[in-house]
Amino acid sequence: MLVNMHHLKNHSVVWMLTDTGNNLRYVDLTKIHAELGQLICQSLPGYHAITGCDCNPAFFRKGKLKPYKILKKVPEYQEAFKNFGKSELIENTDEQQNFFNIIYRFICNVYNAGNAIDVDAARLQMFIYSYTVSDVKEAFDRKKLRKFDASNLPPCKSELLQQFLRANYICTIWNNARLKTPTTYQPANNGWILENNKYHFKWFEGDQLPSYVSDSLKTQSAIAIDETLYLTYTGLNCCCVVLATEDFECVWLDVKTIKTVWLLGTIPLEYEKDVTVHGIKTLRFGMASNTFATGEENPYNKCYCEGSSCRSGIMPMNCKKGAPYVISMPHFLEADQELVNAVEGVHPNPEKHKTYVDVEPTTGFVLNAAFRVQLNGVARRLKEFR
């Protein structure tokens with residue numbers, strides 16, 4: 001409302017009813033507008049949008065008060081935020097870059113790195129300050145590492161640009177809220193991406209890590225997991241998965257060479273395809289189609305079930321001391337057609353019923369996952385009843 005006050009005619013006075021219960025009161029917006037001044041009021045939407053609102057993430061533990069104090073002290077920042085939402089910042093990339101240069105200096109001040117040339121330099125400066133040792137022989141301080149949270153670093157320039165674009169787009173709506181059609185622009189290419197008819201944040205453009213960092217992380221020790229995991233058959237009623245070496249470590253870099261990833265010890269996941277999760281490229285691993293196959297089709301399952309009573313697609317839970325249950329994929333996905341036909345209302349669909357994980361290949365972080373299994377009770381006919 002404050003940003004649109006100067007559009008009011010006939011010197012109208014505006015009051016706003018706010019709060020609830022015993023705290024319900026009227027606030028004189030006209031007086032607040034006069035006290036703050038038109039420039040501050042016009043800069044507030046841009047300031048609010050970039051420091052965190054319902055449609056844009058906030059900076060970790062930075063809040064609103066400190067950034068606002070910085071905004072009030074520097075007219076250059078006020079002028080920059082005042083221009084948020086204008087068509088020039090959407091259509092003219094040169095103009096966009098000029099204002100972005102001012103905004104990242106504002107963000108550097110928010111993170112107490114006002115002498116840094118940009119946010120990437122501020123990130124490096126803050127990192128060095130936390131970890132620089134006074135002597136090359138000094139031991140690495142693990143306690144300092146445990147207390148340090150990378151979220152305390154400012155966003156990199158590539159990520160901040162997307163934050164800037166989102167804030168600018170949001171202001172095309174807020175600054176023109178008095179109009180019947182506030183904006184004709186679309187969120188796509190303004191900090192969001194459109195996937196499957198839904199908008200998701202576009203976090204950054206370009207490489208996720210600088211090339212010299214990603215190159216230094218690459219190693220020849222990446223292990224093909226399916227060659228280092230094997231099953232041993234014991235005298236127990238269920239199989240045991242063991243590692244080929246006790247110090248086995250999964251190296252996620254160059255992850256496409258890993259043909260099988262093991263989840264929960266006994267469920268194999270196989271690489272299926274590349275997918276994008278909220279703008280980040282990931283690799284999808286799905287449950288292997290023979291996970292619950294018979295021992296003839298999948299030798300790893302021999303110790304769970306052997307003989308003519310076995311059905312492909314269901315696995316007895318022998319580890320649970322004879323519990324009358326079998327496990328399968330939902331709706332008997334990848335199971336014998338005989339099982340699917342035997343139950344009314346069963347409609348297996350890989351898109352709805354398959355287990356998968358989406359793994360970011362550089363860090364190995366799981367960004368999206370769905371674990372889907374079906375527990376089936378076994379009912380057998382008793383001879384005593386006919």
Enquirer: Is any side-chain heavy atom of Leu367 closer than 4.5 Å to a side-chain heavy atom of His278?
Expert: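 A side-chain contact under 4.5 Å is absent here.
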
Enquirer: Which atoms form the tightest heavy-atom contact between Leu339 and Ser312, and what is the distance?
Expert: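 That would be CD1-O, 3.9 Å.
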
Enquirer: Find the distance between OG1 (Thr51) and NZ (Lys66) and round it off to the nearest 0.5 Å.
Expert: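 Thr51 OG1 to Lys66 NZ: 13.0 Å, rounded to 0.5 Å.
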
Enquirer: Does any pair with a residue in residues 338-351 pass side-chain hydrogen bond (donor to acceptor under 3.5 Å, both in side chains), and if so which ones, sequence neighbours excluded?
Expert: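 Listed by first then second residue: Gln337-Asn341.
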
Enquirer: Which residues pass the ring pair (Phe, Tyr, Trp, His ring centres under 6.0 Å) test with His331, not counting sequence neighbours?
Expert: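 Only His353 meet the ring pair (Phe, Tyr, Trp, His ring centres under 6.0 Å) criterion with His331.
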
Enquirer: Show every salt bridge (Lys or Arg N to Asp or Glu O under 4.0 Å) that has at least one partner inside residues 152-162, sequence neighbours left out.
Expert: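 Checked against salt bridge (Lys or Arg N to Asp or Glu O under 4.0 Å) - neighbours excluded - the pairs reaching residues 152-162 are Asp118-Lys157.
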
Enquirer: Check side chain to side chain donor-acceptor pair (under 3.5 Å) between Asn190 and all other residues, then give those that pass, not counting sequence neighbours.
Expert: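 None.
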
Enquirer: Which residues, ordered by chain and number, are linked to Val3 in its hydrophobic cluster, where ILVMFWY side chains connect at heavy-atom gaps below 4.5 Å, directly or through other members?
Expert: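 Once heavy-atom contacts under 4.5 Å are chained together, Val3 still belongs with nothing else.
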
Enquirer: When you check the gap from the basic side-chain N to the acidic O, do Glu360 and Lys281 get nearer than 4.0 Å?
Expert: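 No, no charged N to carboxylate O under 4.0 Å.
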
Enquirer: Using the test side chain to side chain donor-acceptor pair (under 3.5 Å), find all partners of Glu195 that sit at least two apart in sequence or belong to another chain.
Expert: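 Expected list: none.
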
Enquirer: Under the side chain to side chain donor-acceptor pair (under 3.5 Å) test, which residues partner Asn23, sequence neighbours left out?
Expert: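 So Asn23 forms no side chain to side chain donor-acceptor pair (under 3.5 Å) with any residue.
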
Enquirer: Please round to the nearest 0.5 Å and tell me the distance separating atom CG of Leu2 and atom CD of Gln42.
Expert: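 Nearest 0.5 Å value for the CG-CD distance: 11.0 Å.
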
Enquirer: Between Glu272 and Lys354, is there a side-chain N and carboxylate O pair less than 4.0 Å apart?
Expert: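 The answer is yes: the pair qualifies as a salt bridge.
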
Enquirer: Heavy-atom distance under 4.5 Å between the side chains of His48 and Lys64, does that happen here?
Expert: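 Touching, per the 4.5 Å side-chain cut-off.
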
Enquirer: For Thr172, check side-chain contact (heavy atoms from CB on, under 4.5 Å) against everything at least two apart and list the hits.
Expert: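 Only Ile90, Tyr169, Thr183, Tyr185 meet the side-chain contact (heavy atoms from CB on, under 4.5 Å) criterion with Thr172.
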
Enquirer: Answer yes or no: is there a side-chain heavy-atom contact under 4.5 Å between Ile314 and Ile327?
Expert: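 SC-SC contact between Ile314 and Ile327 ruled out.
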
Enquirer: Distance-only, no hydrogens or angles: does the Asp28 side chain make a donor-acceptor pair with backbone N or O of Lys31 under 3.5 Å?
Expert: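 Checking the backbone N and O of Lys31 against the side chain of Asp28, a donor-acceptor pair under 3.5 Å is found.
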
Enquirer: For Gly206 versus Phe204, what's the shortest heavy-atom pair and its separation?
Expert: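 What the structure gives for the nearest pair is O-CE1, 3.6 Å.
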
Enquirer: Taking side chain as C-beta onward, heavy atoms only, is Arg372 less than 4.5 Å from Met329?
Expert: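 No - every pair of side-chain heavy atoms lies 4.5 Å or more apart.
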
Enquirer: Which atom names give the shortest non-hydrogen contact between Ala122 and Ala113, and what distance separates them?
Expert: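 So the minimum-distance heavy-atom pair works out to CB-CB, 3.7 Å.
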
Enquirer: What's the shortest heavy-atom distance between His33 and Gln38, and which atoms?
Expert: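 So the two residues come closest at NE2-CA, 4.2 Å.
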
Enquirer: Verify side chain to side chain contact (heavy atoms under 4.5 Å, CB included) between Asp358 and Val366, making sure each step is shown before the conclusion.
Expert: CA-CA 6 Å; Asp358 296 334; Val366 175; 5.9 Å; no

Enquirer: Is there a side-chain contact between Lys73 and Gln78 in this structure, where contact means two heavy atoms from C-beta onward sitting under 4.5 Å apart?
Expert: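 No; the side chains remain at least 4.5 Å from each other.
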
Enquirer: Could you tell me whether the side chain of Ile107 reaches within less than 4.5 Å of the side chain of Leu160, counting heavy atoms only?
Expert: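 Side-chain contact under 4.5 Å: yes.
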
Enquirer: Got Ser43 and Tyr47 here, is their nearest side-chain heavy-atom distance under 4.5 Å?
Expert: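 In short, these two side chains do not touch, never coming nearer than 4.5 Å.
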
Enquirer: Rounded at 0.5 Å granularity, tell me how far CG in Asn368 sits from OH in Tyr356.
Expert: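 Interatomic distance, Asn368 CG to Tyr356 OH, rounded to 0.5 Å: 4.5 Å.
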
Enquirer: Between Trp203 and Gln162, is the side chain to side chain contact (heavy atoms under 4.5 Å, CB included) condition met? List the steps.
Expert: CA-CA 6 Å; Trp203 292 110; Gln162 299 304 318; over 6 Å; no

Enquirer: Heavy-atom count around Asn92 CG within 6.0 Å, excluding the residue itself: above 12?
Expert: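 Enclosed: over 12 neighbouring heavy atoms sit under 6.0 Å from CG of Asn92.
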
Enquirer: Might you point out which heavy atoms bring Asn4 and Arg178 nearest each other, and give the distance in Å?
Expert: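 So the minimum-distance heavy-atom pair works out to OD1-NH1, 3.1 Å.
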
Enquirer: Treating Ile, Leu, Val, Met, Phe, Trp and Tyr as nodes and any side-chain heavy-atom pair under 4.5 angstrom as an edge, say whether Ile70 and Ile117 lie in one connected cluster.
Expert: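 They do not share one cluster, since no chain of ILVMFWY contacts under 4.5 Å joins Ile70 to Ile117.
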
Enquirer: Walk me through it: do Asn376 and Gln374 pass the test side chain to side chain donor-acceptor pair (under 3.5 Å)?
Expert: CA-CA 6 Å; Asn376 310 279; Gln374 178 175 298; 2.7 Å; yes

Enquirer: Please give the remaining members of the hydrophobic cluster of Leu17, linking ILVMFWY side chains under 4.5 Å, ordered by chain and number.
Expert: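 When side chains under 4.5 Å apart are linked, the cluster holding Leu17 also contains Val13, Trp15, Leu24, Tyr26.
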
Enquirer: Which heavy atom of Ser12 sits nearest to which heavy atom of Thr30, and what is that distance?
Expert: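 The pair with the smallest heavy-atom distance is O-OG1, 3.9 Å.
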
Enquirer: Using the rule that Ile, Leu, Val, Met, Phe, Trp and Tyr join whenever any side-chain heavy atoms are under 4.5 Å apart, tell me whether Leu8 and Ile40 fall into a single cluster.
Expert: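 In one cluster with Leu8: Ile40, yes.
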
Enquirer: If you round to the nearest 0.5 Å, how far is CD1 of Ile103 from CG of Asn168?
Expert: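 Those atoms lie 9.5 Å apart.
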
Enquirer: To the nearest 0.5 Å, how far apart are CZ in Arg284 and OG1 in Thr282?
Expert: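 Arg284 atom CZ to Thr282 atom OG1 measures 7.0 Å (nearest 0.5 Å).
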
Enquirer: With sequence neighbours excluded, give me every ring pair (Phe, Tyr, Trp, His ring centres under 6.0 Å) pair touching residues 100-119.
Expert: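 The answer is Tyr77-Phe106, Phe81-Phe106, Phe100-Tyr104, Phe100-Phe164.
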
Enquirer: Does the side chain of Val119 come within less than 4.5 Å of Cys156's, by heavy atoms?
Expert: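 No, too far: nothing below the 4.5 Å cut-off.
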
Enquirer: Less than 3.5 Å apart, which donor and acceptor atoms pair up between the side chains of residues 52-62 and the rest of the protein, not counting sequence neighbours?
Expert:
unit_1, atom_1, unit_2, atom_2, d
Asn56, OD1, Arg166, NE, 2.6
Asn56, ND2, Ala49, O, 3.0
Asn56, ND2, Gln163, O, 3.2

Enquirer: Apply the test side chain to side chain contact (heavy atoms under 4.5 Å, CB included) to residues Leu165 and Gln96: give CA-CA distance (whole Å), side-chain angles for both, the deciding distance (0.1 Å), then the verdict.
Expert: CA-CA 9 Å; Leu165 294 176; Gln96 191 180 93; 3.5 Å; yes

Enquirer: Which residues pass the side chain to side chain donor-acceptor pair (under 3.5 Å) test with Tyr199, not counting sequence neighbours?
Expert: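 Here no residue qualifies.
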
Enquirer: Say you draw a straight line from NZ of Lys82 to CG of Leu44; how long is it, rounded to the nearest 0.5 Å?
Expert: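 One gets 13.0 Å once the value is rounded to the nearest 0.5 Å.
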
